[in-house]
*Asks:* 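Please read through the structure below; I'll follow up with questions.
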Amino acid sequence: MTGGPGPLLSAAVDARRAGDDYKAARLLRASIVEAPNKFLGYIDLLGLSTFGDPAVSWSYGFRFARLLVSGNAVAWKNLAVAALGAGRIGRAHVWFHRALVLDPGRGSIIGPFSKGPTAPRGSLRWAHAAEPSAANRLRLVTSELIDGDVHFARQILEDAGRPDPAGPVDAVLLWAKALSRTGEVQRAIELLDSASRFSPLATWVHYDLAMLHRHAGWSDHVACSAKRAIIVSPAFDLGYALLGRAQMEVGAHENAVRSFMRTTHIVHLPDRSYLENLAAAHVQLRDVEPAITILRPLILQDPANLNTLSNYSVACHYAGDLQFAERYTGWCLVIRPDFADAYCNQGLVARMRGDVVTAKAAFDRSIELSGGRSFDIYTRGVFHLAEGDPVQGALDYNARWEIRGFSTSRNLYPEPSLPLPLWDGGVQRGSVLALWGEQGVGDEIWFSGFIEAIRDRVGEIRLEVTPHLVSLLRRSFPAITVLARGDKGTETAMRSADLQCPIGNLLMILAAERAEPGYLSVDQKRASRLRERYRAAGDGRRLVGVSWRSVKPGRGTRSFEAPLDAWGAVFGLPDTTFVSLQYGDVTKDQRLVRDRFGVDLLVDSEIDGKADLDGFAAQMAAMDAVVSVANASVSVAHGLNKPIYVALQLLQEDWRYSRSRDPSRWMPTARQAWQTRKGEWAPVLDAQAARLAGEVGVADTG
């Protein structure tokens, strides 16, 4: 066992040096056959097992293990390397440990034991203790932070010294991870923020900073840091994925689609999560066809994936396919009976079907299982306001402030826009209340109906609304101060108040007491003049205003239209002059009505229904009745106490409309007609035309 290497072994070594691995392995095996007791040949064979066939090397190693000298650490190490090559991970770890027991400080043993992808944590700690180099410290800390003792990792870093933001990027990233994992998120953010200035081209610094911002709930900061990572590395798929999630959280679903699309273009075979995110963004935009196209193959790949099934159920819901929505929701509950998302989806579908009992039970269950998730509470609130207990609904509706991306002009939580205490509705006659509009023009009009009910509870009310509403609301509520959002001095006036309240909170403060219609006041002279002009143009016939389109910012989210092709029954009503209440350029629409139905749709160029809401209200006051889709026209008609016939789409989720009662409790002047199939408007408008024919004549006054 102590002789020279022999000719075969020498030739094998020469072949290896020449790069002929196959020949080297063959000669080494031959040397074992020739002299099995020559320990040197056996060690070399195992040490060079990666040059030959790992399975063959393992076979030889196992066969001759009994020949090993029990006290030779290198021999055990080489046998462990051969076991790794053959995939015998457990056996390799046992033999590595034997080698380290015999020779704890030998680098040639510690190296292969601690660097492999399957190295146990103990080996990394052993390697660091034997050789506390920067490389070993990096490997050990990384392992401990991923799946180990984060406080131990933090101590190792502390022992090595405080981080320098201008130092090596890897060390800074490890420090930030250790800080965040031990509860010091703010310090981690500050460290990476400093490092990003010293190393502006370090992609992972920007990405990890974005992840920390996400952990802290700062969506705007997440997007900013993710964009910086993408600028540095334009093909950084993780950056686009993170950016897309941040955009989803603030309601920028169209931008999220673009970000997620980018991840799928960068990666040849996209990660499943990328496709799931892309589908979810499409679902939020109501772009159900691309969502379903993405989700179907994912379901085939993994039929038990709850996330995929839930998204598919929601997509079917938005597509109006209630049968499939129920089916996939049911599958989710079979797989996981305590899946909160499935119960929430079940409640939405049941509400659409008019099944109030099932919907309530499903929403209650989703809240119970989710631990009181804000979105579930808000969704139940919308249901209760429309169909159930309005007081409970008003309380639940307040959860909207805890939903990221909720559409509002100001924030209430977690970072209030105004540094003022929130008014709880109590009587404080010596205080100034900053009351601010939220969600949209129609909501600001509708909620203003509650103002008279609270006017005597405080000393002064300062109401901030969109500039287009200021003139109308000043006339309607002369006892309060109406301010235009964004105007000079408005912010100062709002901040100098004593209390604040978003206008939608009045619903809860007044315990869901209904605001009676007729609270808006228009310029009566203008309204009378418009009425006289319209009646003269129509030979004294009744005046019916029509609005067929709802356009809101963003693509697809809530914008929709009841095509004028479906309005035949309405335009066929006798003794009626039809006036367009639709804002924007409607020249083509006017021509279509004339060509298709032989009716002259009156379009008044004096009125800009988008920029001049005071004029728009005067125009509506001149009408005998209104037929409209669910847009701001309904809120104005309610405020003017005008009869209005609302054409509602199948997926109309506004709580002011009800499937179980007509009219709803909130808008007694509105007559509802619902789609029964998505996209089919003619039956809805036929029903409203029949009602209108028998219920509305020519009013005595304008």
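What you see is a predicted model, and the numbers here were worked out from it, not measured in a lab.
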*Asks:* Could you tell me whether Arg659 sits above the aromatic face of Trp674, with NZ or CZ closer than 6.0 angstrom to the six-membered ring centre and within 45 degrees of the axis?
*Replies:*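 Arg659 over Trp674 ring: yes.
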
*Asks:* Under the criterion ring-ring contact (aromatic ring centres under 6.0 Å, His included), which of Phe447, Tyr519, Trp666 is the partner of His638?
*Replies:*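 It is Tyr519; the other options fail the test.
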
*Asks:* First locate atom OG1 of Thr329, then atom CG of Leu322, and finally report the distance between them rounded to the nearest 0.5 Å.
*Replies:* 10.5 Å

*Asks:* Can you list every pair that meets ring-ring contact (aromatic ring centres under 6.0 Å, His included) and has a residue in residues 461-502, with sequence neighbours left out?
*Replies:* none

*Asks:* Between CD of Gln428 and CG of Leu433, what distance do you get to the nearest 0.5 Å?
*Replies:*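 Rounded to the nearest 0.5 Å, the CD-CG separation comes out at 9.0 Å.
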
*Asks:* Within the 4.5 Å heavy-atom criterion, are Val257 and Leu278 side-chain neighbours or not?
*Replies:* yes

*Asks:* Can a salt bridge be assigned to the pair Asp600 and Arg594 using a cut-off of 4.0 Å between side-chain N and carboxylate O?
*Replies:* yes

*Asks:* Do the side chains of Arg656 and Asp443 get close enough for a salt bridge, i.e. N-O under 4.0 angstrom?
*Replies:*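 Answer for the salt bridge query: yes.
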
*Asks:* Identify the two heavy atoms, one from Ala617 and one from Leu640, that lie closest to each other, and give their separation to 0.1 Å.
*Replies:* O-CD1, 3.5 Å

*Asks:* Answer yes or no: is there an ion pair linking Arg462 with Glu464, defined by an N-O contact shorter than 4.0 Å?
*Replies:* no

*Asks:* Any non-hydrogen side-chain atom of Tyr312 less than 4.5 Å from a side-chain atom of Ile292?
*Replies:*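 Yes, side chains in contact.
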
*Asks:* Hey, does the side chain of Glu387 reach the backbone of Ser660 with a donor-acceptor pair shorter than 3.5 angstrom?
*Replies:* yes

*Asks:* Assign the ring pair Tyr328 / Phe324 to parallel, tilted or perpendicular, where the plane angle (0 to 90°) is split at 30° and 60°.
*Replies:* parallel

*Asks:* To check you understand the geometry: which heavy-atom pair defines the closest contact between Met623 and Arg531, and what is its length?
*Replies:* C-NH1, 4.1 Å

*Asks:* To the nearest 0.5 Å, what is the distance between CG on Leu601 and OG1 on Thr577?
*Replies:* 10.5 Å

*Asks:* Check whether Gln672 reaches the backbone of Tyr657 with its side chain - one donor and one acceptor, N or O, closer than 3.5 Å.
*Replies:*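 Pair absent, no side-chain N/O of Gln672 close to backbone of Tyr657.
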
*Asks:* Is it the case that over 12 heavy atoms from other parts of the model lie below 6.0 angstrom from the NZ atom of Lys610?
*Replies:*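 No, the 6.0 Å shell around NZ holds no more than 12 heavy atoms from other groups.
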
*Asks:* Can a salt bridge be assigned to the pair Asp624 and Arg542 using a cut-off of 4.0 Å between side-chain N and carboxylate O?
*Replies:*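 Looking at Arg542 together with Asp624, the answer is no, because their closest N to O distance does not fall below 4.0 Å.
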
*Asks:* Does this structure show an ion pair linking Arg526 with Asp604, if we count only N-O contacts that are shorter than 4.0 Å?
*Replies:*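 No, this pair does not count.
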
*Asks:* Could you tell me the separation between the CH2 atom of Trp655 and the CG atom of Asp396, rounded to the nearest 0.5 Å?
*Replies:* 13.0 Å

*Asks:* Keeping the roles fixed (side chain from Arg410, backbone from Glu438), state whether a donor-acceptor pair exists under 3.5 Å.
*Replies:*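 Flag not set: sc Arg410 to bb Glu438 has no pair under 3.5 Å.
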
*Asks:* Pro502 versus Trp401: any side-chain heavy-atom pair under 4.5 Å?
*Replies:* yes

*Asks:* Apply side-chain contact (heavy atoms from CB on, under 4.5 Å) to the pair Asn631 and Arg549, showing each step before the final yes or no.
*Replies:* CA-CA 8 Å; Asn631 59 19; Arg549 189 180 297 132; 5.9 Å; no

*Asks:* Going by atom types only, do Tyr534 and Gln619 share a side-chain donor-acceptor pair under 3.5 Å?
*Replies:* yes

*Asks:* Where is the tightest heavy-atom contact between Ser476 and Leu472, given as atom of each residue plus distance?
*Replies:*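 Taking every non-hydrogen atom into account, OG-O, 2.8 Å.
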
*Asks:* Using modelled atom types and a 3.5 Å cut-off, is there a donor and acceptor pairing between side-chain atoms of Arg286 and backbone atoms of Gln284?
*Replies:*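 Yes, the answer is positive, given that a donor and an acceptor are paired below the 3.5 Å cut-off.
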
*Asks:* Is a side-chain donor or acceptor of Thr490 paired with a backbone partner of Ala484 at a separation under 3.5 angstrom?
*Replies:* yes

*Asks:* For Val382 and Leu385: C-alpha separation, side-chain torsions, deciding distance, then whether side-chain contact (heavy atoms from CB on, under 4.5 Å) applies.
*Replies:* CA-CA 5 Å; Val382 170; Leu385 288 170; 5.7 Å; no

*Asks:* Is the closest side-chain heavy-atom distance between Val570 and Tyr645 below 4.5 Å?
*Replies:* no

*Asks:* Give a yes or no answer on whether the side chain of Ser313 reaches the backbone of Ala325 with a donor-acceptor pair at less than 3.5 Å.
*Replies:* yes

*Asks:* Taking Glu532 first and then Arg529, would you say they form a salt bridge - that is, a charged N and a carboxylate O separated by under 4.0 Å?
*Replies:* no

*Asks:* Evaluate the side-chain proximity of Gln247 to Ser259: yes if any heavy-atom separation is below 4.5 Å, no if none is.
*Replies:*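 Yes, side chains in contact.
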
*Asks:* Using a 3.5 Å distance criterion without hydrogens, assess whether the side chain of Trp446 forms a donor-acceptor pair with backbone atoms of Val634.
*Replies:* no

*Asks:* Give every donor-acceptor pair under 3.5 Å between a side-chain atom in residues 353-362 and any protein atom, sequence neighbours left out.
*Replies:*
residue, atom, partner, partner atom, Å
Arg353, NE, Glu326, OE1, 3.4
Arg353, NE, Glu326, OE2, 3.1
Arg353, NH2, Glu326, OE1, 3.1
Asp355, OD1, Thr358, N, 3.2
Asp355, OD1, Thr358, OG1, 3.2
Asp355, OD2, Thr358, OG1, 2.7
Lys360, NZ, Asp364, OD2, 2.8

*Asks:* I'd like to know if the side chain of Arg671 reaches the main chain of Gln688, judged simply by a donor and an acceptor atom lying under 3.5 Å from each other, with no hydrogens or angles considered.
*Replies:* no

*Asks:* Quick one: does Ser448's side chain have a donor or acceptor within less than 3.5 Å of a partner on Ile445's backbone?
*Replies:*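 Yes; at least one donor-acceptor contact below 3.5 Å.
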
*Asks:* Do you know the tightest heavy-atom contact between Ile644 and Ser628?
*Replies:* CD1-CB, 4.2 Å

*Asks:* Would you check if Leu581 and Val626 make a side-chain contact, meaning some heavy-atom pair closer than 4.5 Å?
*Replies:*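 When only atoms from C-beta onward are counted, Val626 and Leu581 do touch, with a gap below 4.5 Å.
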
*Asks:* So, are Lys588 and Asp595 salt-bridged, with charged N and O less than 4.0 Å apart?
*Replies:* no

*Asks:* If we ignore hydrogens and angles and just use 3.5 Å, is the side chain of Gln649 paired with the main-chain N or O of Ala630 as donor and acceptor?
*Replies:*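 No, Gln649 side chain to Ala630 backbone: no donor-acceptor pair under 3.5 Å.
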
*Asks:* Would you give the length of the straight line joining atom CE of Met494 to atom CG of Leu435, rounded to the nearest 0.5 angstrom?
*Replies:*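 Taking CE in Met494 and CG in Leu435, the distance rounds to 7.0 Å.
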
*Asks:* Measuring only between side-chain heavy atoms, which start at C-beta, is Val546 closer than 4.5 Å to Gln582?
*Replies:* no

*Asks:* Are the side chains of Asp487 and Leu483 in contact, using a 4.5 Å heavy-atom criterion?
*Replies:*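 Leu483 vs Asp487: side chains apart.
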
*Asks:* Can you tell me how far apart CZ (Phe616) and OH (Tyr583) are? Round to the nearest 0.5 Å.
*Replies:*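 Answer for the CZ-OH pair, Phe616 versus Tyr583, is 10.0 Å.
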
*Asks:* Give the intermediate values and the outcome of side-chain contact (heavy atoms from CB on, under 4.5 Å) for residues Leu473 and Glu444.
*Replies:* CA-CA 10 Å; Leu473 295 186; Glu444 291 183 345; 5.8 Å; no

*Asks:* Please assess Trp423 against Ser431 for the test side-chain contact (heavy atoms from CB on, under 4.5 Å), listing each intermediate value before the final yes or no.
*Replies:* CA-CA 10 Å; Trp423 184 49; Ser431 299; over 6 Å; no

*Asks:* For Ala693 and Leu573, work out which heavy atoms get closest and say how close.
*Replies:* CB-CD2, 3.7 Å

*Asks:* Work out which heavy atom in Val441 is nearest to a heavy atom in Leu613; give both atom names and the distance.
*Replies:* CG1-CD1, 3.6 Å

